[in-house]
Every structure is written in C-alpha cells, then in structure tokens.
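Here is the structure we will look at.
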Amino acid sequence: MTATRPSSSSSPSGLATACACANIALVKYWGKRDARLNLPAQGSLSLTLAELTTTTTVHFSEALDSDALYLSGQLVAGKEVLRMSQWLDLVREAAGITHRALVRSANSFPTASGLASSASAYAALAVAASAAAGLALSPTELSILARRGSGSAARSIFGGFVRMHRGERDDGTDCVAAPLGADDWPVRMVIAIVGGGKVKEHSSRDAMDHCAETSPLYAGFLAAVPRDLMAAEEAISRRDLEALGQIAEASALAMHGAAMASRPATIYFEPATLACMARVRELRRSGTLAYYTMDAGPHVKVLTDAGSAAAVAGALRELPGVSEVLVSAPGGGTVLVADAAPVEAT
Ligand code: DP6
C-alpha cells in the first residue's frame, strides 16, 4: 500500500481511501463552547497511536440516493449515519457537488468502547472525503473539517504529540490542532481493554454536555486545563515522562471527577479499571515510569517508556476483568492510501 500526505490531493473519480490513527488525550477535552461548530471549551493535548487505526473509503456517486455507512462490512443505521451525512454536507458544500456517498470503514480495535473511535473515524473521513470530492485542503484545513465531525478527530490529522488550540474566534478558524514534534522520544501507550470492548453506555458527546449542564465540578475541570496544557508542553519539550505522566493522570481524574459529579452521575469505571490504576501506582512505587489515563469507557491507557512497556503490559494482563492488552508506539498523521481496492457504489 502506498501512503501519501493528505494535502493538495484530489480525486476526479470521486473515490478516495485514507488511514488515520486514533489518539489518546493526555490533557482532556471535555465540553464545548459552541455545539454547532463543535468548538471545545478548552484546548487539549494528545498522543497519536500507531496501533489503533481506521481505514475509510469514500465514494461520491450519482448512482446513490442517500449516504450509506458500512462499518466492518455491516450497514450502519440511525443517528451515527445522520451525523455523518450532515458532516458530508460540509464537504459537498465546499466542493460544489451534490452526490451522495458510500462510506466503508474498518477499525483495528473495538468500536465505541472508549477507545477513541470517533477521533480516527472523522480524521480518516476528512482526508478521504475531501480528496474524493476534489478538494485540496491543507493539514490545518483538514483539522478544522475533522473537528466539525468530532473534536478529538482534529488531533488525529497529525502524528505524535499534538496540541489542540481552543481558539478565540467565533467562526472556529483558529480552533485547530498542531503537532508538537518530539518524534525522537521513545514513549509507549499500553492499552488494557476492560470488559471485552463492549459498546459504551454514554457517548462522550452526550456525557460532556450533561456534565457541563449539571456537574458542580465542571468549572473546576475547565479552570485546570490552561495550566495543564502549558505544563504538559514544557514536559514534552524536556522529554520529562514523570512530569507529563503526572499531568495526564490529574487531567483524567479531573475529567472523570467532574463526570461522576454530574446529576445523574456518569461513571465509566469498572472494578477492573480501578484494579489497573492501583497496579500502575504499584509499578511506580517499584521504580517504573507508568501513568494511567481513561476516556469515555472503562479501558485504561498507560503512558510509559519503550523499555518498560512489556513489563507494564504483562502486569495488567494478569488482572481479572482485563480482556486484552495492546502496546502502541506513537503513530503518524492521517494519510491517503493511494492504491486501495475500489468499492462499488451500489
Ligand atoms: C474523553 O471528540 O468524542 O475522549 O467532539 O462531541 O465528538 P465530540 O467529542 P469527542 O470527545 C472526546 C472526549 C475524550 C477526551 C479527549 O479525547 O480529549
């Protein structure tokens, strides 16, 4: 397979395929300042992961009456397709086309389980759909387009450590992600899948809105983000895993604390989540640099160094309730896949 950078590409055939890596936030995005443009209330910071990928083919065709989405070969119905369709309207409007699209997507990891599937989904869609529609967008423009689908997707356009900027403008043109470099830093993310990767109860979108509306701790979460972002960027520039890890844990706990204080509560943790967190603290006491973070699901992601990753994975694998453990190196930005097999539009 040949991969190319996404910018300045176009596809007169109406067909394009892209591959995106998921990302895990180390400073969390949780809540919006504008729901229509999907502008986050604060910035965030993440690590793009090589092992968690989404590959998506978009085919705009006049033979189609409506947009259709196949996930791992299964036709998807309901609000996910409506959301995609409304997002595809942005691409159609920018390209001046009216054709509907057939979208085929496959993840290398359990979908909708808190493993950041919407991040890689909308990053891959942004790169594939814009190329299929004949638009030549810069990486920054692709980040804005991906953000309209999902806030975390703006970060997956780029590889490695990525900073998402809150932006100040009402139109969201300065609300974009940018890579932070540090590609030489051999960090790893160990991912403990808790509970078999089943479908999550509360989507991050619904849960963050509910938290913003009802949680007395939401304001406290938001207030901590700017200094966490600054400290995390400094830690990355110093290659200081201990400092970065401490911020990542604190940010995740602030997010979950605010979510748990929502009324009614949003609780993503399961007993095995807490067991993983305790195991990570134990590993640290014995000298291993390892720090946990959790998103809108029960899984535990552990930031560590390349030399410790196998030992951390082994320790988490032994815990009851942990069904699978993956180890991932940092991944690259979203790319067009040049020679993907064509799909039929009917
Ligand atoms: C907990 O990006 O899924 O993973 O913008 O509404 O689609 P929408 O939300 P989404 O939220 C991600 C929340 C998180 C933290 C993060 O990735 O920063």
Side-chain angles (χ1 to χ4, degrees), residues 20-49 52 54 79-80 82-84 86-87 107 109 111-126 143-158 161-167 172 175-177 189 191 200-213 215 218 221-222 224-225 228-229 232 247-260 262 266-269 273 292-301 303:
C21 296
N23 69 77
I24 300 297
L26 301 174
V27 178
K28 300 295 185 193
Y29 149 51
W30 195 247
K32 303 175 197 284
R33 65 183 171 94
D34 182 315
R36 191 181 68 82
L37 293 175
N38 205 29
L39 304 178
Q42 291 289 17
S44 55
L45 189 149
S46 60
L47 180 63
T48 301
L49 297 183
L52 308 184
T54 299
K79 92 179 182 201
E80 226 174 298
L82 185 65
R83 174 172 163 185
M84 182 192 75
Q86 286 168 344
W87 178 89
N107 291 332
F109 56 92
T111 305
S113 59
L115 274 185
S117 59
S118 68
S120 49
Y122 275 95
L125 263 173
S143 180
I144 290 175
L145 181 60
R147 188 205 73 227
R148 293 291 299 269
S150 195
S152 52
R155 301 184 307 237
S156 273
I157 295 295
F158 302 102
F161 289 102
V162 176
R163 165 88 188 258
M164 177 73 193
H165 294 275
R166 174 192 186 276
C175 181
V176 295
M189 193 71 90
I191 300 148
K200 63 187 168 186
E201 216 178 313
H202 308 283
S203 74
S204 42
R205 176 160 295 190
D206 293 346
M208 69 172 77
D209 288 350
H210 176 59
C211 180
E213 282 159 21
S215 175
Y218 179 63
F221 164 77
L222 286 186
V225 175
D228 283 350
L229 284 171
I247 295 158
E249 280 197 1
S251 178
L253 293 175
M255 180 203 116
H256 283 275
M260 281 189 221
S262 302
T266 304
I267 302 176
Y268 288 112
F269 294 176
T273 311
Y292 54 72
T293 183
M294 290 73 56
D295 294 290
H299 318 301
V300 179
K301 298 101 182 197
L303 180 69

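Sequential numbering from 1 along the given sequence is applied to the chain's residues. Scope of the values below: all heavy atoms of this structure, side chains included, with no hydrogens, waters or symmetry mates. Counting starts at 1 for both ligands and their atoms, in listed order. Values in this document were obtained by computation on a predicted structure and should not be read as measured data.
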Output the list of atoms in ligand 1 that are nearer than 4.0 Å to some heavy atom of [X], sorted by atom number.
X	value
R155	16 (C), 17 (O), 18 (O)
D295	1 (C), 4 (O), 14 (C), 15 (C)
M255	1 (C)
N38	5 (O)
A25	16 (C), 17 (O), 18 (O)
R83	7 (O)

- Task: Could you pull out the closest heavy-atom pair between L39 and G172, with the gap in Å?
- Result: CD2-CA, 3.5 Å

- Looking only at non-hydrogen atoms, find the nearest pair between F269 and M294 and report the distance. CZ-CE, 3.6 Å

Close N or O approach ([X], ligand 1; < 3.5 Å):
X	value
R205	yes
S118	yes
K32	yes
S152	yes
G151	yes

Under a 3.5 Å distance rule, please check whether [X] uses its side chain to pair with a backbone N or O of [Y] as donor and acceptor.
X	Y	value
R147	N38	yes
S156	C21	yes
R166	A41	yes

- Message: For residues 22-31, which residue pairs pass the salt bridge (Lys or Arg N to Asp or Glu O under 4.0 Å) check, not counting sequence neighbours?
- Response: K28-D295

- Query: Can you tell which of A119, A153, A207, S150 gets a heavy atom nearest to atom 10 (P) of ligand 1?
  - Reply: S150

Less than 4.0 Å is my threshold; does some heavy atom of [X] fall inside it relative to ligand 1?
X	answer
W30	yes
R147	no
Q42	no

- Message: Is the shortest side-chain heavy-atom distance between F161 and L26 below 4.5 Å?
- Response: yes

- Task: Using a 4.5 Å cut-off on heavy atoms from C-beta on, say whether the side chain of M84 contacts that of Y122.
- Result: yes

- Quick look: S204 vs ligand 1, heavy-atom contacts under 4.0 Å, and the answer is side chain

- Taking only residues two or more places apart in sequence or in another chain, which ones pass salt bridge (charged side-chain N to carboxylate O under 4.0 Å, His left out) with R33? none

